[in-house]
Amino acid sequence: MSAMDVMIHSSSFLLPCDETSTGTRYALVVLNQSLPRFTPLLWEHAKLRLCADGGANRIYDELPLFFPNEDALAIRNRSNFLKLYKPDVIKGDMDSIRRDVLDFYINLGTKVIDESHDQDTTDLDKCILYIRHSTLNQETSGLQILATGALGGRFDHEAGNLNVLYRYPDTRIVLLSDDCLIQLLPKTHRHEIHIQSSLEGPHCGLIPIGTPSAKTTTSGLQWDLSNTEMRFGGLISTSNLVKEEKITVESDSDLLWTISIKKTGLSIQDHTP
Amino acid sequence: MNLFFFITHILCRTAKLRLCADGGANRIYDELPLFFPHEDPFVIRNRYKPDVIKGDMDSIRRDVLDFYVYWGTKVIDESHDQDTTDLDKCISYIRHSTLNQESSRILATGALGGRFDHEAGNLNVLYRYPDTRIVLLSDDCLIQLLPKTHRHEIHIHSSLQGPHCGLIPIGTPSANTTTSGLKWDLSNTEMRFGGLISTSNLVKEEIITVESDSDLLWTISIKKTGLPVQDHKP
């Protein structure tokens with residue numbers, strides 16, 4: 001019945017490297033909240049790595065903590081360790097990054113783009129613009145963008161970051177935390193979401209942020225929707241469960257898809273030989 | 001969600017009714033004694049005992065449940081009801097309780113962060129009970145609904161909150177919203193996801209006014225100083 005193109009989604013970026021020989025090409029943006037436990041995995045496979053302002057503090061302070069067996073706390077070794085995890089770019093309004101962190105990465109050759117004159121866009125916005133204009137993005141069919149640290153903390157920050165998904169509907173952006181991921185399902189497409197059940201689920205939801213949905217239809221969920229209306233003030237699909245390995249979603253409205261990330265299977269210890 | 005010091009100390013003392021939604025009881029049991037490191041945990045747990053524990057009971061620990069049952073907390077097991085969230089169930093209880101009056105407010109901690117579908121479900125509770133004053137609180141901020149049916153005056157306690165704030169049209173776009181008292185006021189301004197929403201705004205005056213054609217979420221940051229337990233001990 002529907003003549004819409006299908007958009008296929010998969011969290012293959014959460015898979016360890018030997019399973020992603022033809023994996024998704026993505027850029028990683030690190031924002032200023034505690035790093036999720038799978039950050040080293042995402043970092044290693046990213047084609048481009050950006051820190052949004054204080055996100056650089058998080059890499060500097062917290063990344064060594066994921067490798068307790070390395071002698072990462074001794075200053076000299078810590079330096080050597082951090083060199084392995086050097087961001088390509090630090091961009092933002094620079095009101096959160098520490099001076100010592102900034103100096104460290106400048107010395108390593110990280111490109112620093114100070115946008116403190118621009119108070120109209122969020123740090124995540126600024127990073128997305130950089131990625132969209134980068135030559136890497138032009139050369140490929142477009143990089144997916146993974147962002148950590150966009151959720152939690154101040155709610156106005158979180159809302160601003162969710163709004164970024166709505167403002168760039170043609171760019172695949174995934175917001176990630178320790179507990180879940182969020183991505184936009186634009187109304188212009190039918191969606192197929194392939195579930196990596198060892199890594200994500202079963203808890204999921206479809207959230208009509210921004211505008212109500214007059215009709216949404218799904219398959220593969222415990223509580224599927226069938227031309228169902230969803231709106232804040234009424235029904236929204238939360239605490240749902242994935243039942244099948246493939247979920248389909250079709251809606252008259254842009255929706256946020258969210259799925260929980262499992263607590264096991266993604267920490268460093270699971271991948272050290 | 002992680003509990004935070006000031007709310008539990010101040011609000012546990014002044015609240016007229018104290019509920020734990022399911023695993024919220026684990027938090028009170030485990031984390032409240034940590035705010036009083038020099039006191040006996042048993043004494044603290046007794047002093048900060050909930051009146052009611054309600055929810056689907058899939059998170060509360062057995063030892064925690066037994067402790068509070070023994071000490072007289074009313075436990076309402078709603079595990080048969082999978083259609084409403086734990087926050088929902090607690091709000092229904094409060095609305096039906098004899099203590100509920102028009103001037104009452106419901107303060108909820110732990111509704112934000114964690115799984116996003118949980119957070120969205122909790123935000124939806126604000127929209128589903130627009131005639132009940134509900135405030136969601138975390139270490140970083142508070143959120144409340146400003147129903148479109150009213151003009152709003154928000155009195156800012158600047159020693160405790162701000163300056164960062166926002167107005168978020170979560171459910172429906174707003175064709176025109178007007179404010180006063182903010183750094184970047186709105187003047188019959190349109191707000192929508194996909195376009196402009198008011199985030200990283202700043203409170204400038206002690207009274208903020210908001211009028212809108214749409215239900216909005218008001219959010220303001222909570223200051224990091226001035227609120228821990230130590231600040232209030234005599």
Side-chain angles (χ1 to χ4, degrees), chain A residues 33 93 119-123 150-169 175-184 186 203-212 222-223 230-241 253-254 256-261, chain B residues 1-2 56 82-86 111-130 136-143 145 147 164-173 183-184 191-202 214-215 217-222:
Chain A
Q33 301 280 345
D93 59 19
Q119 288 298 322
D120 284 343
T121 56
T122 66
D123 287 337
L151 309 173
R154 265 171 48 193
F155 182 68
D156 68 309
H157 270 169
E158 180 175 305
N161 290 330
L162 294 175
N163 195 27
V164 168
L165 304 186
Y166 281 77
R167 291 182 31 251
Y168 298 99
L175 305 184
L176 289 145
S177 77
D178 257 321
D179 298 295
C180 65
L181 65 82
I182 302 176
Q183 54 193 112
L184 184 78
H203 308 282
C204 62
L206 282 162
I207 324 288
I209 293 259
T211 319
Q222 173 83 13
W223 292 285
M230 289 206 292
R231 62 181 305 121
F232 271 80
L235 171 82
I236 64 176
S237 177
T238 65
S239 293
N240 210 330
L241 298 168
S253 195
D254 293 337
L256 290 185
W257 160 255
T258 181
I259 186 166
S260 56
I261 293 178
Chain B
M1 319 290 146
N2 281 329
D56 61 17
Q82 288 297 325
D83 285 342
T84 57
T85 65
D86 287 338
L112 309 174
R115 266 171 47 195
F116 182 69
D117 68 307
H118 270 171
E119 181 176 304
N122 290 331
L123 293 174
N124 195 27
V125 168
L126 304 187
Y127 280 77
R128 291 181 33 248
Y129 297 99
L136 304 185
L137 292 144
S138 76
D139 254 322
D140 299 292
C141 65
L142 66 81
I143 302 176
L145 183 79
H164 308 282
C165 62
L167 283 163
I168 323 287
I170 280 265
T172 319
K183 177 100 204 258
W184 292 284
M191 288 205 291
R192 62 180 307 120
F193 270 78
L196 170 82
I197 66 176
S198 177
T199 65
S200 295
N201 210 331
L202 299 168
S214 193
D215 293 336
L217 291 184
W218 161 255
T219 181
I220 185 166
S221 55
I222 292 176

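Here the structure is a predicted model, which means the values were calculated and not measured. Chain identifiers are assigned alphabetically (A, B, ...) following the order of the sequence lines, protein sequences preceding nucleic acid strands; residue numbering begins at 1 within each chain.
- Pairing each heavy atom of A/Pro212 with each of A/Ser253, the nearest pair is O-OG, 3.2 Å.
- Using a 4.5 Å cut-off between heavy atoms, B/Leu217 touches chain A through its side chain atoms alone.
- With contacts defined as side-chain heavy-atom distances shorter than 4.5 Å, the pair A/Phe155/B/His164 does not qualify.
- Residue with the most contacts toward chain B among A/Leu175, A/Asn163, A/Asp179: A/Asn163 (heavy-atom pairs, distance under 4.5 Å).
- Side-chain atoms of B/Leu167 and B/Thr199, non-hydrogen and from C-beta on, never get closer than 4.5 Å to each other.
- The line from CG of B/Leu202 to OG of B/Ser221 is 8.5 Å long, rounded to the nearest 0.5 Å.
- Proximity to chain A involves both the backbone and the side chain of B/Ser200, based on heavy atoms less than 4.5 angstrom apart.
- Between A/Leu162 and A/Ile182 the shortest side-chain heavy-atom distance falls below 4.5 Å.
- The shortest side-chain heavy-atom distance between A/Asp156 and B/Asn201 does not fall under the 4.5 Å cut-off.
- Highest contact tally toward chain B, considering only A/Arg154, A/Arg231, A/Arg167, A/His203, is held by A/Arg154 [criterion: heavy-atom pairs under 4.5 Å].
- Of the residues considered (A/Pro169, A/Ala159, A/Gly205), A/Ala159 shows the highest number of contacts with chain B, using heavy-atom pairs under 4.5 Å.
- Both the backbone and the side chain of B/Ile197 come within contact range of chain A, with heavy atoms under 4.5 Å apart.
- Ranking B/Leu142, B/Ile168, B/Leu145 against chain A, the residue ahead of the rest is B/Ile168, based on heavy-atom pairs under 4.5 Å.
- In this structure, the portions of B/Pro173 lying under 4.5 Å from any heavy atom of chain A include both its backbone and its side chain.
- Contact check for B/Thr172 versus B/Asp215: no side-chain heavy atoms found under the 4.5 Å cut-off.
- Contact tally against chain B (heavy-atom pairs below 4.5 Å) for A/Pro208, A/Ser237, A/Cys204: the top residue is A/Cys204.
- For the set A/Ser177, A/Gly153, A/Gly152, the entry with the most heavy-atom pairs within less than 4.5 Å of chain B is A/Gly153.
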